[in-house]
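Below is one structure, written out as structure tokens, with a few remarks after it.
As the structure is a prediction and not an experimental result, all values here were calculated from the model.
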Amino acid sequence: MSVSRSALQSAAASFLSSGGPIAWEAESAQRVAALVRSFQSGELDASGLRAALAGDRRAAPRPTPTKTTALLSLSGILTPDESLFTMLGVGTSVRHFTRELAAAAANRAVQSIVILCDSPGGSVRLLPEAATVMRSARMHKPIVVAVAGLAASAAYHIVSNATAIEATSSASIGAIGVITERVSVARQLEREGIDVHVFAAGKHKAEGHEATAISGPERQHIQARVDAAYTDFVNDVAAGRHVPASTVRAGFGEGRLVTAAEALRLGMIDRVAPVEETIGRAVSAPAELAAWHLQRAELARVALAPRRGEHARAELAERRRELIAAARGTVTR
């Protein structure tokens with residue numbers, strides 16, 4: 001499908017102005033933002049931008065679909081809806097992916113679902129919803145993820161809720177965390193003698209405008225949004241991998257990408273294998289995968305049972321401290 005340059009420019013502007021927390025491997029996010037700015041300024045044309053964005057992605061083999069196995073893709077930059085990246089063919093709409101997943105889960109002819117994953121992450125929006133749909137779907141039929149390249153940040157948030165995750169030996173997994181930024185040029189404008197008057201109605205409406213200084217309350221509000229998105233991330237991964245939230249926070253890389261071998265050791269994935277082998281198992285033995293998943297879930301439930309009260313009390317105590325700090329207008333770290 002051909003997309004006009006004006007449509008791409010509009011989508012680029014929307015991406016650059018979107019702001020808010022993201023679950024995206026930091027180096028990739030910075031690189032992509034720089035490329036999009038180059039496109040917007042005219043230094044790159046659409047084909048150059050597409051080539052640059054797709055250049056570091058590994059080409060995973062695309063198998064022939066079967067009547068009983070649904071093949072889905074979670075690749076490139078993840079955004080809640082259609083975006084600059086989906087227009088260029090280097091991204092995935094999480095809303096569209098979730099609909100495809102739900103449809104495959106509801107299709108009686110489909111016995112197993114394979115997700116081909118190669119993504120650095122992206123927006124945090126709709127991730128908890130996608131994770132919930134996947135956890136529900138895996139109770140009815142096995143969902144196997146084949147990682148060839150990356151399953152980072154937002155992508156791992158989603159795929160951690162599959163029945164099983166398998167990755168090629170060169171894959172990188174994790175980058176569990178949430179990040180955002182707030183740029184202020186207020187001091188630069190003051191040094192240069194430039195006056196910018198921001199007119200707004202509503203107590204906090206002008207927050208985020210780069211001509212305004214970052215206040216303490218604004219800083220606290222931004223951090224609270226990041227913390228909330230991170231808590232959703234951690235809790236979904238914990239539910240997906242059948243481990244306590246504390247294991248995800250302290251034992252799943254702590255925001256870093258890890259190798260496939262390390263991810264296997266930590267319990268973040270289930271096997272290191274070529275994509276073809278992963279797909280072959282999903283196609284040929286879906287019943288065995290489903291049984292294995294139910295067994296693993298039950299073993300995790302039994303193992304975690306004695307500690308559930310302890311974890312619940314700890315999480316309630318942490319939440320109570322956060323509420324007290326918020327009421328006092330302070331931030332504890």
Side-chain angles (χ1 to χ4, degrees), residues 25 56-76 78 92 97 100-101 104-105 110-121 130-131 134-135 137-176 236-237 240-243 247-248 251-253 256-297 299-300:
E25 195 274 320
D56 57 358
R57 289 176 55 200
R58 301 163 178 81
R62 185 71 180 179
T64 303
T66 71
K67 292 182 178 180
T68 59
T69 301
L71 298 173
L72 308 182
S73 175
L74 192 69
S75 64
L78 306 186
T92 299
F97 170 82
E100 281 193 324
L101 176 62
V110 171
Q111 295 181 16
S112 61
I113 300 170
V114 173
I115 299 170
L116 302 177
C117 180
D118 181 11
S119 169
M134 188 170 291
R135 283 199 301 275
R138 76 182 182 184
M139 300 310 296
H140 303 285
K141 56 193 65 175
I143 304 172
V144 183
V145 177
V147 182
L150 280 172
S153 284
Y156 188 74
H157 187 155
I158 295 173
V159 303
S160 63
N161 293 276
T163 304
I165 307 172
E166 302 189 8
T168 60
S169 58
S170 63
S172 297
I173 314 294
I176 297 172
D236 278 331
V237 173
R241 299 301 297 169
H242 307 296
V243 298
T247 296
V248 180
F252 275 22
R256 290 176 175 167
L257 282 172
V258 300
T259 64
E262 181 68 0
L264 180 63
R265 186 187 71 79
L266 294 171
M268 299 170 69
I269 64 173
D270 302 288
R271 194 192 300 260
V272 177
V275 171
E276 297 88 344
E277 287 187 17
T278 300
I279 294 168
R281 275 188 291 273
V283 171
S284 63
E288 286 82 350
L289 278 170
W292 171 82
H293 166 69
L294 293 175
Q295 180 183 26
R296 186 182 70 171
L299 289 173

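- Partner I115 forms a side chain to side chain contact (heavy atoms under 4.5 Å, CB included) with one of V147, I158, I143, I165 and no other, that one being I143.
- A donor-acceptor contact shorter than 3.5 Å is absent between the side chain of S172 and the backbone of T259.
- Of the possible donor and acceptor atoms, one in the side chain of K141 sits under 3.5 Å from a partner among the backbone N and O of A105.
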Check your understanding: Which is it for I113 and V144 under the side-chain contact (heavy atoms from CB on, under 4.5 Å) test, yes or no, and what are the steps along the way?
Key -> CA-CA 6 Å; I113 300 170; V144 183; over 6 Å; no
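- Salt bridge present: D270 and R241 bring a charged side-chain N and a carboxylate O closer than 4.0 Å.
- Donor-acceptor pairing under 3.5 Å is lacking for the side chains of Q111 and T68.
- Applying the side chain to side chain contact (heavy atoms under 4.5 Å, CB included) rule to S119 yields the partners L78, A155; only residues at least two apart in sequence or on another chain are considered.
- Under the 3.5 Å distance criterion, the side-chain polar atoms of T247 are left unmatched by any main-chain donor or acceptor of V243.
- Looking at R271, its side chain never comes within 3.5 Å of a backbone N or O of A167 through a donor-acceptor pair.
- Judged by distance alone, the side chain of Y156 and the main-chain N or O of L150 form no donor-acceptor pair under 3.5 Å.
- Between L266 and G253, the closest heavy-atom pair is CD1-N, 4.4 Å.
- Looking only at distances, a side-chain donor or acceptor of R138 sits under 3.5 Å from a matching main-chain atom of G240.
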**Study point:** Trace of the side-chain contact (heavy atoms from CB on, under 4.5 Å) decision for I173 with I269
**Key:** CA-CA 8 Å; I173 314 294; I269 64 173; 4.1 Å; yes
